[in-house]
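Worksheet for the structure shown next.
Computed from a predicted model, the values in this text were never measured in an experiment. We number each residue from 1, following the sequence as shown.
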Amino acid sequence: MEKPLDCLIIGGGPAGLTAAIYLARFRLDILVIDAGDSRASWIPCSHNHAGYPDGINGKELLRLMREQAQKYGAKIETGRVTRLEKGEDGLFSADWGCGAQATRSVLLATGITNRRPLMDPELHDDAMARGLIRYCPICDGYEVTDKRVGVIGSGTNGVGEAIFLRSYTCDVTLIAPDRALDLTAEENERLKAAGVTTIDGPAEAVGVTENCITVDTAAGLMTFDSVYPALGSDTHTQLGEMVGAQLAEDGCFLCDTKMRTSVEGLYAAGDVVHGLDQISHAMGEGGQAATTIRNDLAEASPILREPMSEAQLEHAEEGS
């Protein structure tokens, strides 16, 4: 094994990259392993991220964050960590295709994956790029103001999302993903009171044009300006579970307010932790986790780095 890192960050989304910026500026030896499938990369243009009045593309935001982290010495590699262990010496060992890497601490910023509706994958990605498929009404409900909106889902997720979107438009239709809508009497009453139309499934998105998406339903073909899948998500907690991290009732990592998991030296941030699945929230947790990691490591070794020599200081000033 190589010399142990101070921290291995698994996941290169907003949470992981924010932590990388902080930790690199704390002058720690870190490595980010990124599988390249952050949900932020799906965003055609985010309009609710502070500081970008005209919006910013998700891939561009991630590129800028990577550039900022690397400016301060963070190393970022593309790969997928498949195994995580913790030894009796307290060090973690991770495999990601280039052998084992030892590290004093680990930050899991592995996120979640939205469950997709039934449709051709290429059609799905094209619809996402056009804003015809959307996954986050908190992020972009404003963009569907007074539009025709379909929600594919049932139960708590589908009902909640349909009613939330009703505050932006009077034309909302909730469609069952498979057969009949599975709703309680109370849910039916809430939808009726909100003026949400309900349609049985199955639902399959079958085509897109420049401005519309067509869904095949039990009531026939229906056309919408945007469709929101409300089918739930899968949380990527497998690596943490390998070393015994506890999960909360919702399947996310159980963390304290400083982003520590139940395993000493293991931290989590972003969508893999219970909370608001938003870029701003993930970035805040990334900053909190990084600061906690730095302080926890300092307790074990108060001098994390020797002071810079005069030559190093001159070099740093030249690069700033």
Side-chain angles (χ1 to χ4, degrees), residues 1-34 65-77 81 84-94 96 100-110 239-240 242-246 253-270 272-275 280-317 319-320:
M1 285 192 188
E2 300 176 6
K3 177 185 175 183
L5 298 166
D6 290 319
C7 184
L8 174 67
I9 300 172
I10 304 176
L17 291 175
T18 299
I21 293 167
Y22 276 60
L23 290 168
R25 287 174 56 82
F26 289 148
R27 303 186 60 229
L28 300 185
D29 185 14
I30 66 170
L31 172 64
V32 180
I33 302 298
D34 179 28
M65 294 182 73
R66 285 193 296 269
E67 183 179 306
Q68 186 172 351
Q70 290 169 325
K71 175 181 178 180
Y72 296 105
K75 299 183 290 291
I76 302 175
E77 300 284 352
V81 177
L84 186 65
E85 294 180 350
K86 187 176 184 183
E88 294 181 0
D89 58 359
L91 292 177
F92 293 89
S93 175
W96 58 281
Q101 173 66 61
T103 180
R104 299 170 64 194
S105 64
V106 175
L107 172 61
L108 295 175
T110 43
L239 293 173
M242 288 180 185
V243 293
Q246 294 181 15
F253 284 121
L254 186 63
C255 293
D256 67 10
T257 58
K258 303 295 184 182
M259 313 317 298
R260 301 182 184 95
T261 73
S262 59
V263 176
E264 186 175 359
L266 182 70
Y267 307 80
V272 77
V273 178
H274 175 74
S280 57
H281 193 76
M283 292 171 72
E285 290 188 343
Q288 175 65 78
T291 304
T292 305
I293 291 166
R294 187 266 171 212
N295 290 341
D296 287 351
L297 291 176
E299 284 192 10
S301 178
I303 301 178
L304 294 175
R305 286 287 180 273
E306 294 297 327
M308 285 187 180
S309 66
E310 289 186 9
Q312 289 173 319
L313 284 169
E314 289 177 3
H315 179 71
E317 289 172 357
S320 63

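Within the 4.5 Å cutoff, the side chain of Lys258 has heavy atoms near those of the Gln288 side chain. Taking the side chain as every heavy atom from C-beta outward, Leu297 and Ser105 approach each other to under 4.5 Å. Looking only at side-chain heavy atoms (C-beta outward), Asp296 and Arg260 come within less than 4.5 Å of each other. Between Arg104 and Leu91 there is a side-chain heavy-atom pair separated by less than 4.5 Å. Looking at Leu8 and Phe92, their side chains never come closer than 4.5 Å, going by heavy atoms from C-beta outward.
The CG atom of Leu17 sits 6.5 Å away from atom CZ of Arg66, with the distance rounded to the nearest 0.5 Å. In this structure, OH on Tyr22 lies 14.0 Å from CG on Leu28, to the nearest 0.5 angstrom. The line from CD1 of Ile9 to CG of Leu23 is 5.0 Å long, rounded to the nearest 0.5 Å. In this structure, Met259 CE and Phe253 CZ are separated by 11.0 Å, a value rounded to the nearest 0.5 Å. To the nearest 0.5 angstrom, Leu266 atom CG is 12.5 Å from Met242 atom CE.
Val273 approaches Glu285 most closely through the heavy-atom pair CB-OE1, 4.0 Å. In terms of heavy atoms, Ala94 sits closest to Leu84 at CB-CD1, 3.9 Å. The heavy-atom pair separating Ala24 from Tyr72 by the smallest distance is CB-O, 3.6 Å. Heavy-atom minimum distance, Val263 versus Gly244: CG2-C, 3.7 Å. Residues Ile30 and Ala74 approach most closely at CD1-CB, 3.8 Å, considering heavy atoms. Contact between Thr261 and Cys255 at its shortest, heavy atoms only, is CG2-SG, 4.0 Å.
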Exercise for the section: Might you work through the side chain to side chain contact (heavy atoms under 4.5 Å, CB included) test for Thr110 and Val81, ending with a clear yes or no? Expected result: CA-CA 10 Å; Thr110 43; Val81 177; over 6 Å; no
Problem - Steps toward salt bridge (Lys or Arg N to Asp or Glu O under 4.0 Å) verdict (Asp29, Lys3) - result: CA-CA 10 Å; Asp29 185 14; Lys3 177 185 175 183; 5.5 Å; no
Exercise for the section: Check the pair Asp6, Arg294 against salt bridge (Lys or Arg N to Asp or Glu O under 4.0 Å), reporting the backbone distance first and the verdict last. Expected result: CA-CA 9 Å; Asp6 290 319; Arg294 187 266 171 212; over 6 Å; no
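In the displayed structure, His281 atom NE2 is contacted under 6.0 Å by more than 12 heavy atoms of other residues, nucleotides or ligands.
A donor-acceptor pair under 3.5 Å links the side-chain atoms of Ser262 to the main chain of Gln246, judged by distance alone.
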